[in-house]
Every structure is written in C-alpha cells, then in structure tokens.
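Here the structure comes first, spelled out in structure tokens, and everything after it is commentary.
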2 protein chains.
Amino acid sequence: MLNDEPHVSPAVKQRVREAADALDYHPNVFAQALVRRKSNMIGLIYENPSPSYVVELQRGVLERLTGERYKLVVIPIRSVQEHAGEVVGMLRSAALDGVVLAPPASDNPIILNQLKDARILCARIAPTRLLDAAPSNLIDDVAAAREIADYVIGLGHREIAIIRGDPTHASTEARMLGYMQAFSKADIELRLERIEPGLFTFDSGLAAARDIFARGDRPTAILAQNDDMAVGAMMAAREFGLSIPDDVSVVGFDDSEVSRITWPRLTTVRQPVFEMAIAATEMLIAQLEDRDVMARITHPHELLIRESAAPPRSLG
Amino acid sequence: MLNDEPHVSPAVKQRVREAADALDYHPNVFAQALVRRKSNMIGLIYENPSPSYVVELQRGVLERLTGERYKLVVIPIRSVQEHAGEVVGMLRSAALDGVVLAPPASDNPIILNQLKDARILCARIAPTRLLDAAPSNLIDDVAAAREIADYVIGLGHREIAIIRGDPTHASTEARMLGYMQAFSKADIELRLERIEPGLFTFDSGLAAARDIFARGDRPTAILAQNDDMAVGAMMAAREFGLSIPDDVSVVGFDDSEVSRITWPRLTTVRQPVFEMAIAATEMLIAQLEDRDVMARITHPHELLIRESAAPPRSLG
DNA sequence: ATGAAAGCGCTAACAC
DNA sequence: GTGTTAGCGCTTTCAT
C-alpha cells in the first residue's frame, strides 16, 4: 500500500501515510528484500592508494544517490591484485544489488567474470581494458598524459624525470605511453634512470623525488602520474633547497583537491573523478531499474596551467 | 549448520564447508536478518566540512571492521542542524544494527534521543555534551587549544587572530575557550575584530585570512581551529606576499594529512581521529555483542611543533 | 542427535 | 477493487 500502487486515490494515500506516521510504522527492509530479491544497497569497491581520489569517488556516488532509496556500502580491498578471487564472494554475501568498480578493480578480469557469474550488476570507473565487458567511464589517459608532457616540453624542458604510478593500475602504463609519445615527437630521449617507480601516494612521490635529486644530474622538470606524488615531489624539492618552479618544474595528474592547496598551485591535467563517479552510479541505477544504459562515456580531460611549472632557468 | 554450532565434530564441519563451496552456496542474508533481527550492518553518520577529517574517520571504522562480519554503510548528512529530526527515520529504514556518530551529529540531543527510542545502538566521536548519553570518544579540546595558543604566545606573539570553526560544531566553542584561557593567562586582550568566522573548510580559511590581511593592522600569528583552514590561511598569506613563518605564523588543529604535505609543514595539535574511530567502532561492536563497553575514552592530544610558526619578526 | 514445523514481515498472485 | 493466501530462505523450537 505504501509502495506507490497505481489505482489508489491521492486522498487515500495521504491518509495511509498519516496513519503510518502516527503508528511509527516502518516496513521491514529484510522482509521486503527477501521477497523482492533486491536489497537497495550498492557497493563501492576500491583500493586505497590516494585518499583524495577515493574522497572524490565516494562524493560522486553519494551525490547521485541523494534522494534515491539506495544505500552505499563501502568495500575497501587491501590489494585487488592479491585478493581478486575472494572479492565477489564477499559481495554476494553482502547481497548488494550492484557495485561501482574503481581502479584497479575496474580492470580486473577475474572480478569482472565472477561478477557476471554471480549476476551482480556493475558500472566501472577508469578501466583501460575489456571496455565492453561492462559500462565504463573513462578519460583518454594517453592523450591527457601526452598533453601535459607536451606542455612541459613546450616550456623548453628536455631533462625530464617521470614518477610512475602504482604498477598494478593499468592507467600507469597508459600515462607512460602518453609521455613517451610526447618525448619522441620532440625527439627527446627518455633515459631509464629518469623513470622512478611510485605508488600514487604522497610518500612514494616524496621518496622517488628524493632519489631523483640525490643523483648527480638533476632534471629540470618532473612529471608525476598523479597529484599526491607531485606534491610529494614538491616537498622533496624543498628539502633539497630547490625552489619551484625556478629550479625545478613539477606537474601532476588528476586535479585532486591537494593540487589547489599547495603553493605554488600545481599544474596538472584534470580527470573529472567526481563526474565520472556520478555517471557510473547513474549507469548502475539504470541497470537496476531496467532502463537503457550507456555502454561507455569518455569524459573530457583538461590541461590546467597553474604555477608549478615554468621554463627552465637556463631559458628563464 | 554453518553457524558454528557447538556439538559438531571438526571433520563434519570440514565436509559441510567443502560441500557448500562446491555448490557455491551462500546463505541468504535477508532471510537470516529477518529471523535474527540483525543486519550486520553499521552506519557512519557525518556531515561534510573537512574531507581529510572524514577520510580518517572512515579509515578508522573500516580498520576495526576488517575481518569482522559487519559491513559499513556511509550516511552523509547535508546539515545535521537542519535535518536532525529526519536522520533516525532514515537509519531505521536502513535497518542498521548501530551507528558511529561523528560531530556534529554526536552532539545532537534530538538524534541521540530518537536513536534511543528506536533502539539503535551508537558510539560517538568527539562529543562535548551529554557525555553519558552514549559511549564517547573525546579529546580535551579546551586543553589542546590552550596548549597550542600557549605555544604561540610563548614564541612572543601578542597580535593574534583566530579563525573559528563551523558554529554548529560544539568543538568550535571548546577550542575558543582554550584559546581564551591562554590569552587571559598571558594578559593579552582578545579584540573582537581579530575573530574571523570559518566553516572548517580550506575555502573558508582562505576567505577568513584574506579578510584578516586586507585590514590595516596585521596580526603576527593566526590560530586556525583546524588544519584545512590553516592551509587556506597559508594560501592567503602567499597571495599577500607574506612569508610563513617570517611575516606571519599560522597554526592549525587536528594533524590531518594536509598538515604534513604543505610547506612549511604546519604546526598543529594532534587529535587522533583514526584511533578515535577505531575505538568508537569497537564500542559499537561490543554493544552489539553484549560485551562490556567502555563508557568514555579521553584520547591523548599532542602539540606538534613543525615549521609554520616562529617568533614574530620584531623579536627574530 | 536428528528431523519436522512454525514463523520472521512482507509481496504478489489469485480468487472473490 | 478487496481480501486471502502462499511462500521468500532461514533459524529456532519442539517432537521424536
């Protein structure tokens, strides 16, 4: 009766509602779920490399869920790489109607397959492979990385170091490829010792940049594969008494909040994580309600020129 | 049978488990919940002023929940102040076993009362009032604020501005009180125009500090009631060409991640949000499982002296 | 110890 | 339209 049935007059609805309120009646969601086979809960699956990324993600999902009857269950995975086989078991015992998959889970074939077998719907954020396996929200990582590398090269830099992201995330390779395209277009040789590993965390960026600065021939610019690592690199530069961007330029990737609160503000390329999360949630809800679903959205990226990169001093 | 019954031999258990795996059997959680009247889900209720605070909070809850059968449902509230009356209705329709209450919900008498009426268990983070209404995790906000103010005054500052937190959070008043105790002990007069309102956000700190710097007589130090606002104040200082800590000292409150990634690093006073969230979740689980529950834990705070505060230039 | 049966609170199908 | 009933998948109780 409370479920918006078709042939009930508004007046009656109103009275029923009042009576329900008066009796403090709340339908039992388990009984409902049991018979409807629907929990009205969705999950957000993520690993934990960059807090700012996760925050944006979750904000986006919750934004789309406001006013909706769905509740959000957060499911952090220590290491998708290691626990892929167990993830779907967890999900089905949580009885979720569907899940939003953030990287690197969104790229994991084991998870994708088991999800299909378990008939759990999903929508994905930033996958790079198997794009038709499930609805996807992407940016063009290769192009975005190429553009910011182009920009840095355009400033006159030729001695450029790179801090890579987490190797278990496919976007790390994609961004690497974009950088390399820009390098080869400009005829710059990328030396192996100029590539530092990282994990998408502030600490890993700090450590990587310390390594870079501790070595003899210092680059004039650093491309970090996300903003957290870029901010770590800025910290390392300060430790070495280098000023940014005069002594060394640093650029990031993502436009996460941290890029706007540092000084100088970080030049980066925007990935609209919040909007991607909203769109992914929309795709998931559409599936749950048997509406038409977009199979794939490529979201726009945008080079954001701020103050952390400038021409190298020799050209200054 | 799968529920760890007492009189079953290990061998039988093992075989049952194998059979269950082979058939890919998963118990239906709704049927269980229906008859047991227990959902194995807990909620985290928060408002959204400072992302770094929320991240720590959620990390703590999830940390305590790893390996536990409980799932976490996140419940952001736009404005606890405005929607206190509706919160508990939402919760009971979500059928949660219990909730962790972050400020300002943890201080809200309406929510606390309705929770009790609805027999939803809870544990609280950083309440300042009604401390015996439900298990509480606190720090001594007054003492912590007094200590950091003492420190700044001890550096030689006497022209000190304050950026307040969100007025709907009770800790704002508590910290204010701590500052004032330090001021009066040092015989410093606190002028009204030296108190700027804020909302615990970076942007509000930025705006508040711009106001402060735009006025004629500039303070030599700023006490911000959390780190996000302090970092906003640092940004404003840069905009005015002021260097930190030489021209102006800035200190924060919380020791959130952002305080460690700025340059100079932020002098602040640590509130162990992560540990408080773990403890609150522990208190909640203990209640759910009828174990003894600590009624209140006062967590230690700690003054963290970093580089964003120094003696005023006149003394330098 | 083992098995049968009742019932948790609701929805949907079907008769009236 | 309105009232009745079966049954969702499990746990628990009560016979056996």
Side-chain angles (χ1 to χ4, degrees), chain A residues 1-43 68-71 73 88-98 117-121 285 287-291, chain B residues 1-43 68-71 73 88-98 117-121 285 287-291:
Chain A
M1 181 66 98
L2 293 169
N3 299 324
D4 273 327
E5 285 170 37
H7 309 291
V8 186
S9 74
V12 172
K13 276 192 186 174
Q14 174 62 17
R15 287 184 45 213
V16 170
R17 200 161 300 265
E18 277 170 20
D21 280 0
L23 294 170
D24 197 31
Y25 170 79
H26 291 261
N28 180 310
V29 292
F30 308 128
Q32 283 184 178
L34 186 56
V35 59
R36 291 213 263 232
R37 286 137 198 296
K38 201 153 182 293
S39 65
N40 290 331
M41 296 190 308
I42 69 171
E68 239 17 276
R69 65 179 173 291
Y70 299 96
K71 296 264 169 289
V73 179
V88 176
M90 286 188 40
L91 298 188
R92 68 157 36 185
S93 64
L96 304 172
D97 292 339
D117 291 347
R119 294 163 174 281
I120 299 175
L121 299 171
I285 293 178
Q287 290 178 75
L288 293 175
E289 301 180 346
D290 283 313
R291 301 201 313 265
Chain B
M1 181 66 99
L2 293 170
N3 299 325
D4 274 326
E5 285 170 38
H7 308 292
V8 185
S9 75
V12 173
K13 277 193 185 172
Q14 173 63 16
R15 287 183 46 214
V16 170
R17 201 162 299 263
E18 277 170 20
D21 281 0
L23 295 171
D24 197 30
Y25 170 79
H26 290 262
N28 180 309
V29 291
F30 307 127
Q32 281 185 178
L34 186 57
V35 58
R36 290 213 263 232
R37 286 138 198 294
K38 200 153 179 294
S39 65
N40 289 331
M41 297 190 306
I42 68 171
E68 217 59 69
R69 65 179 174 291
Y70 298 95
K71 295 266 169 286
V73 179
V88 177
M90 286 188 42
L91 298 188
R92 68 157 35 184
S93 65
L96 304 172
D97 292 339
D117 291 346
R119 294 163 172 281
I120 299 174
L121 298 171
I285 293 178
Q287 289 179 75
L288 292 174
E289 300 180 347
D290 283 314
R291 300 200 315 265

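Here is how names work: the chains are called A, B, and so on, in the same order as the sequence lines, proteins then strands, and each is numbered from 1. Model, not experiment: these values are computed from the prediction. All values below were derived from every heavy atom in this structure, side-chain atoms included, with hydrogens, water molecules and symmetry-related copies excluded.
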Notebook entry, point to check: Out of C:dC10, C:dG9, D:dT11, which nucleotide sits closest to the side chain of A:Gln32?
Noted result: C:dC10
Item checked: Whole angstrom value for the distance that separates P of C:dT11 from CZ of B:Phe30 -> 14 Å
Item checked: Rounded distance in Å - NZ (A:Lys38) to P (C:dC10) -> 18 Å
Check: Between D:dG9, C:dC10, C:dA12, which one does the side chain of A:Arg36 approach most closely?
Finding: C:dA12
Check: To the nearest angstrom, how far is B:Asn40 atom CG from D:dT11 atom C1'?
Finding: 14 Å
Check: How many Å lie between CG on B:Asn28 and P on D:dG7, as a whole number?
Finding: 17 Å
Margin query: So, OP1 or OP2 of C:dT11: does either fall under 4.0 Å of a side-chain N or O from A:Arg37?
Written below: no
Note to self: Taking side-chain contact (heavy atoms from CB on, under 4.5 Å) as the criterion, tell me which of A:Met41, A:Arg36, A:Arg37 meets it with A:Ser39.
What the structure shows: A:Met41
Margin query: Are there over 12 heavy-atom neighbours, none belonging to A:Arg291, within less than 6.0 Å of that residue's CZ?
Written below: yes
Margin query: How about CZ on B:Arg69, more than 12 heavy atoms from neighbouring residues, nucleotides or ligands closer than 6.0 Å, or not?
Written below: yes
Next item on the list: Mark yes or no for whether B:Asp97, through its side chain, and B:Asn40, through its backbone, hold a donor-acceptor pair below 3.5 Å.
Entry: yes
Check: Starting at CG of A:Leu34 and ending at P of D:dC10, how long is that distance when rounded to a whole Å?
Finding: 9 Å
